[in-house]
Amino acid sequence: MPTDNQPKSPSPAPPTTSGAAPAPAGTDFIRQIVAADLASDLAAGRPPRTIVTRFPPEPNGYLHIGHAKAICLNFTVAAENGGRCHLRMDDTNPSKEDVEYVDSITQDVRWLGFDWGEHFYHAADYFERLYLFAEELIANGKAFVCDLDAEQMREYRGTLTQPGRESPWRGRSVQENLDLFRRMRAGEFAGGARTLRARIDMASPNIVMRDPVIYRIQHSSHHRSGDKWCIYPMYDFAHCLSDAIEGITHSLCTLEFVPNRALYDWVLDQVDLSALPSRPRQIEFARLNLTNTVMSKRTLRLLVEEGRVSGWDDPRMPTICGMRRRGYTPASIRAFCESIGIARSDNLVQFAQLEFCVRDDLNRSAPRVMGVLRPLKVVIENYPEGRVEHLDAVNNPEDPGAGTRKVPFSRELYIEREDFQEDPPKKFFRLAPGREVRLRYGYFITCTGVVKNDAGEITELRCTYDPATTGGNAPDGRKVKATLHWVSAAHALSAEVRLYNQLFTRENPARVEEGGSVFDCLNPNSLELNTETKLEPSLASAAPGQTFQFERMGYFTVDPDSRAGALVLNRTATLKDEWANVLRRGGAG
RNA sequence: UGGGGAGUGGCCAAAUUGGUAAGGCACCUGACUCUGGAUCAGGGAAUUGGAGGUUCGAGUCCUCCCUCCCCAGCCA
């Protein structure tokens with residue numbers, strides 16, 4: 001269970017009536033099924049079963065936000081019902097898996113705020129038992145050793161519209177199958193030379209049921225079992241049995257496994273489960289898709305391998321480690337996963353939904369600070385040269401307990417370039433010639449002059465301040481339309497800031513055009529490097545991982561690339577920006 | 001094309017199993033504000049993919065049609 005800021009979800013009402021009792025309202029179909037199962041136990045006079053779920057990643061890549069949806073679902077459904085959730089490495093294919101990934105996976109799940117207790121498992125640890133189940137299938141005449149090679153097998157499988165043909169090896173005797181299978185295990189045959197197949201129905205309209213391979217020979221060493229095995233079970237065989245072995249009650253997976261459910265149930269029907277704690281049930285839900293990004297592990301891997309991003313933890317990546325580096329909090333990711341719901345229809349969630357969740361969380365927790373991304377020098381002509389004041393600034397208006405800090409003010413400052421316009425449009429209430437604005441926690445200033453270079457670019461503003469408005473308060477109660485953030489030029493810290501934009505320009509990059517590539521819509525401007533940022537001096541001691549709100553600019557998180565005196569910050573998210581909406585609507589003129 | 005899954009405001013997503021379309025995000029308006037942030041109040045937006053049918057009554061049931069997604073790895 002998450003321990004920090006955990007979004008409280010109401011526990012389903014205790015089931016009181018028969019198995020047909022209405023499920024609690026306002027909850028997704030999976031929670032309704034779980035509630036109904038519990039209700040049916042009660043109705044039958046049994047003690048209600050312990051709900052056991054599992055998150056079963058294959059350690060062949062890094063976890064992403066789509067996995068977070070599954071992780072939140074599995075762990076919270078279990079927790080809401082007083083059950084438990086296992087973390088299981090689905091590591092049945094040694095050629096693609098690595099410990100590097102199991103380490104990152106456990107780290108990410110823990111970081112998200114979930115605890116699997118002692119229930120950390122590996123499918124590889126079940127290889128011996130799985131092998132025995134396979135022999136049981138053979139003994140029951142439900143599996144056979146097949147000598148067809150991969151290409152032949154494809155031909156025999158048939159097509160979507162044509163039934164397959166039975167393998168010539170389908171009729172081998174139990175004895176021969178057992179002997180061959182044992183010799184497969186013993187390493188007598190080359191990789192790919194033979195397979196163990198379930199004997200089901202080559203004419204099934206469900207292709208998954210056309211005598212699927214359940215064991216293959218692969219002479220490669222496994223990250224966990226080493227060289228102990230040279231035959232490895234396939235997903236469809238290993239997964240359902242692993243679930244049964246662990247006592248999983250509800251095996252939640254994504255929609256693409258719907259056709260596999262027939263095989264999941266078939267395998268469980270063929271073996272003696274009586275010594276096992278449960279007969280698990282597979283339930284599918286729709287995977288998460290997010291606008292302007294991709295969730296496919298293959299594509300994410302290509303982004304990394306082709307150097308289009310800096311690594312799996314590039315802050316533009318939808319990976320958990322990328323989002324962590326970007327500055328997303330575990331609570332914000334959990335809140336997001338809760339907000340999108342669980343259903344069976346394909347979906348494409350807008351990135352704005354995720355951004356809302358980070359802002360919502362960071363607004364409450366992030367210390368405020370002033371940072372100028374595109375500095376424009378301001379000289380306050382009537383402010384004494386050499387004078388420095390240390391003004392009080394509130395650390396977090398959402399959290400009075402966060403206290404205040406001192407910010408130096410002096411004659412020469414930087415303000416944001418975009419906060420000044422020489423010829424301001426109608427709805428622009430920031431600084432302009434002759435106009436008065438407030439410098440946050442500082443003074444009211446009035447622009448009295450504009451200095452330009454030979455190219456006609458504004459290089460400096462001349463202003464005057466009203467000494468009576470110290471701290472930003474006007475004793476005469478006069479109002480000002482805008483409050484600007486600023487930084488004292490002499491005291492400013494320089495920093496590198498990485499401004500991130502969408503990785504892909506199209507809403508759904510996964511939908512590739514004929515003959516095209518996902519990378520056709522890669523956003524060339526997804527990373528904007530800014531080296532001119534000036535920060536208030538309080539940031540000097542900021543440590544990697546810390547997130548701040550730069551007032552009026554957004555949330556920024558200190559990157560691990562930072563070194564003493566050389567801060568690097570990632571923009572986690574911008575603030576909601578009314579002015580940007582005005583500009584977008586073209587209503588500023 | 002065989003099998004399977006799914007279509008509810010721009011995006012997610014509910015709907016007590018037939019009783020008259022929640023909520024969130026986004027958007028817009030106003031209030032407030034030393035962040036054009038936050039907060040508060042309000043608003044627009046859906047003939048529930050389409051056409052028929054059953055019914056006093058249909059998002060929910062029936063029929064037909066359309067669209068999208070998944071399956072032809074010795075991947076998961």
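Numbered from 1 within each chain, the chains take letters A, B, ... in sequence-line order.
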**Report entry** Worked check of ring-ring contact (aromatic ring centres under 6.0 Å, His included) between A:Phe548 and A:Phe556
**Finding:** CA-CA 5 Å; A:Phe548 299 89; A:Phe556 294 81; 9.8 Å; no

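- Within the structure, every side-chain polar atom (N or O) of A:Gln32 is placed at least 4.0 Å from both OP1 and OP2 of B:A14.
- A:Arg157 comes within 4.0 angstrom of sugar-phosphate atoms only, judged by non-hydrogen atoms across all strands, and of no base.
- Looking at heavy-atom distances under 4.0 Å, A:Asp236 makes no contact with the nucleic acid at all.
- At a threshold of 4.0 angstrom between heavy atoms, the contacts of A:Gln353 include nucleobase atoms, whether or not backbone atoms are also involved.
- A gap of 13 Å separates the P atoms of B:G3 and B:C65, to the nearest Å.
- Each of A:Glu58 and A:Lys479 has a nearest nucleotide on RNA chain B; the 5'-most of these lies closest to A:Lys479.
- With salt bridges taken as basic N to acidic carboxylate O contacts below 4.0 Å, one links A:Glu513 and A:Arg506.
- Nucleic acid contact for A:Leu148: base, since at least one base atom lies under 4.0 Å from a heavy atom of the residue.
- Phosphate proximity of B:C69 to A:Arg511: present, with a side-chain N or O under 4.0 Å from OP1 or OP2.
- Across all strands, A:Thr92 comes closer than 4.0 Å only to sugar-phosphate atoms, never to a base (heavy-atom distances).
- Here A:Gln350 lies in heavy-atom contact (under 4.0 Å) with a base.
- In this structure, A:Arg194 is positioned above the aromatic face of A:Phe189, its NZ or CZ under 6.0 Å from the six-membered ring centre and within 45° of the axis.
- Regarding contacts with the backbone of B:A6, every side-chain N or O of A:Arg287 stays at 4.0 angstrom or more from both OP1 and OP2.
- In terms of polar N and O atoms assigned as donor or acceptor, the side chain of A:Gln549 never comes within less than 3.5 Å of the base of B:G37 in a complementary pairing.
- With A:Arg368 as reference, A:Asn396 is the one residue of A:Asp399, A:Asn396, A:Asn395 to meet the side-chain hydrogen bond (donor to acceptor under 3.5 Å, both in side chains) rule.
- Counting to the nearest Å, the P atom of B:G37 and the CZ atom of A:Phe556 are 17 Å from each other.
- You cannot call A:Tyr235 stacked on the base of B:A76; the centres under 5.5 Å and planes under 30° rule is not satisfied.
- Atom pair A:Glu355:CD and B:A38:P shows a separation of 12 Å (rounding to whole Å applied).
- One P atom belongs to B:G37, the other to B:C32, and the distance between them is 14 Å to the nearest Å.
- Residue A:Ile340 has its side chain nearest to B:C12 when only B:C12, B:C27, B:A15 are considered.
- Each of A:Ala286 and A:Lys576 was matched to the nucleotide of RNA chain B holding its nearest heavy atom; the match closer to the 5' end belongs to A:Ala286.
- The side chain of A:Arg216 contributes an N or O atom lying less than 4.0 Å from OP1 or OP2 of B:A76.
- One can place CZ of A:Phe428 at 11 Å from P of B:G36, the figure rounded to the nearest angstrom.
- In this structure, A:Asn260 reaches the bases: a heavy-atom distance under 4.0 Å links it to at least one base atom across the strands shown.
- In this structure, A:Tyr215 reaches neither bases nor backbone, as no heavy-atom distance under 4.0 Å exists between it and the strands shown.
- In the set B:A76, B:G36, B:C69, the nucleotide with an atom closest to the side chain of A:Asp346 is B:C69.
- A close approach under 4.0 Å does not occur between any side-chain nitrogen or oxygen of A:Asn581 and OP1 or OP2 of B:G36.
- When rounded to the nearest whole Å, the span between CZ of A:Arg261 and C1' of B:G3 equals 13 Å.
- Side-chain atoms of A:Ile207 lie closest to B:G2 of the nucleotides B:C12, B:G2, B:A15.
- For A:Arg154, taking side-chain heavy atoms from C-beta onward, the closest of the listed nucleotides B:G73, B:G2, B:A76 is B:G73.
- Across B:G5, B:G36, B:G37, the shortest atom-to-atom separation from the side chain of A:Arg552 is found for B:G36.
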**Report entry** Check against side chain to side chain donor-acceptor pair (under 3.5 Å), A:Arg438 and A:Thr483
**Finding:** CA-CA 5 Å; A:Arg438 170 168 39 229; A:Thr483 299; 3.1 Å; yes

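- Here the separation of B:U54 from B:U17, taken at their P atoms, is 26 Å to the nearest Å.
- Note on A:Arg210: nothing from the nucleic acid sits closer than 4.0 angstrom, heavy atoms only.
- Taking the ring centroids of A:Phe181 and A:Tyr131, they lie under the 6.0 Å cut-off.
- Here the side chain of A:Leu160 is nearest to one of B:C71, B:G36, B:C28, namely B:C71.
- Annotation: B:G23 and B:A13 have their C1' atoms spaced 8 Å apart (nearest Å).
- When heavy atoms are screened at a 4.0 angstrom cut-off, A:Arg344 is found touching the sugar-phosphate backbone but no base atom.
- The same atom, P, is picked in B:U8 and in B:U47; the two are 12 Å apart, to the nearest Å.
- Contacts of A:Leu484 with the nucleic acid, taken as non-hydrogen atoms under 4.0 Å apart, are absent.
- Across the C1' atoms, B:G4 and B:A38 are found 48 Å apart, a figure rounded to whole Å.
- Side-chain atoms of A:Asp149 lie closest to B:C74 of the nucleotides B:U35, B:A38, B:C74.
- For A:Lys96, taking side-chain heavy atoms from C-beta onward, the closest of the listed nucleotides B:C75, B:C71, B:C74 is B:C75.
- Contact annotation: side chain of A:Glu284 to base of B:G5, donor-acceptor pair absent below 3.5 Å.
- Checked against A:Glu416 for a side-chain hydrogen bond (donor to acceptor under 3.5 Å, both in side chains), the options A:His485, A:Arg374, A:Arg430 give a single hit: A:His485.
- Listed by first and then second residue, the ring-ring contact (aromatic ring centres under 6.0 Å, His included) pairs involving residues 332-351 of chain A amount to none (not counting sequence neighbours).
- Taking the charged nitrogens against the carboxylate oxygens, A:Arg157 and A:Asp211 have no contact shorter than 4.0 Å, which rules out a salt bridge.
- Contact annotation: side chain of A:Arg430 to base of B:G36, donor-acceptor pair present below 3.5 Å.
- A:Leu439 comes within 4.0 angstrom of nothing in the nucleic acid, heavy atoms only.
- A:Pro163 comes within 4.0 angstrom of no nucleic acid atom, judged by non-hydrogen atoms across all strands.
- For B:G37, its base sits under 3.5 Å from the side chain of A:Glu398 at one donor and acceptor pair at least.
- Heavy atoms of A:Phe257 sit under 4.0 angstrom from at least one base atom.
- Distance noted for atom C1' between B:A76 and B:A51: 42 Å (whole Å).
- Residue A:Ala352 has its side chain nearest to B:A26 when only B:G10, B:A26, B:G3 are considered.
- Not one side-chain nitrogen or oxygen of A:Ser345 sits closer than 4.0 Å to the OP1 or OP2 atom of B:G5.
- Picking from B:A76, B:G3, B:C11 the nucleotide with the shortest atom distance to the side chain of A:Met234 gives B:A76.
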Requested in this report: For RNA chain B, produce a single dot-bracket line, 5' to 3'. Pairs: Watson-Crick or G-U wobble, both distances under 3.5 Å. Symbols: ( ) within strand, [ ] crossing, | other strand, . unpaired.
Outcome: .((((((..(((......[...))).(((((.......))))).....(((((..]....))))))))))).....

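- Comparing the same atom, C1', in B:A14 and in B:G52 gives a spacing of 28 Å after rounding to whole Å.
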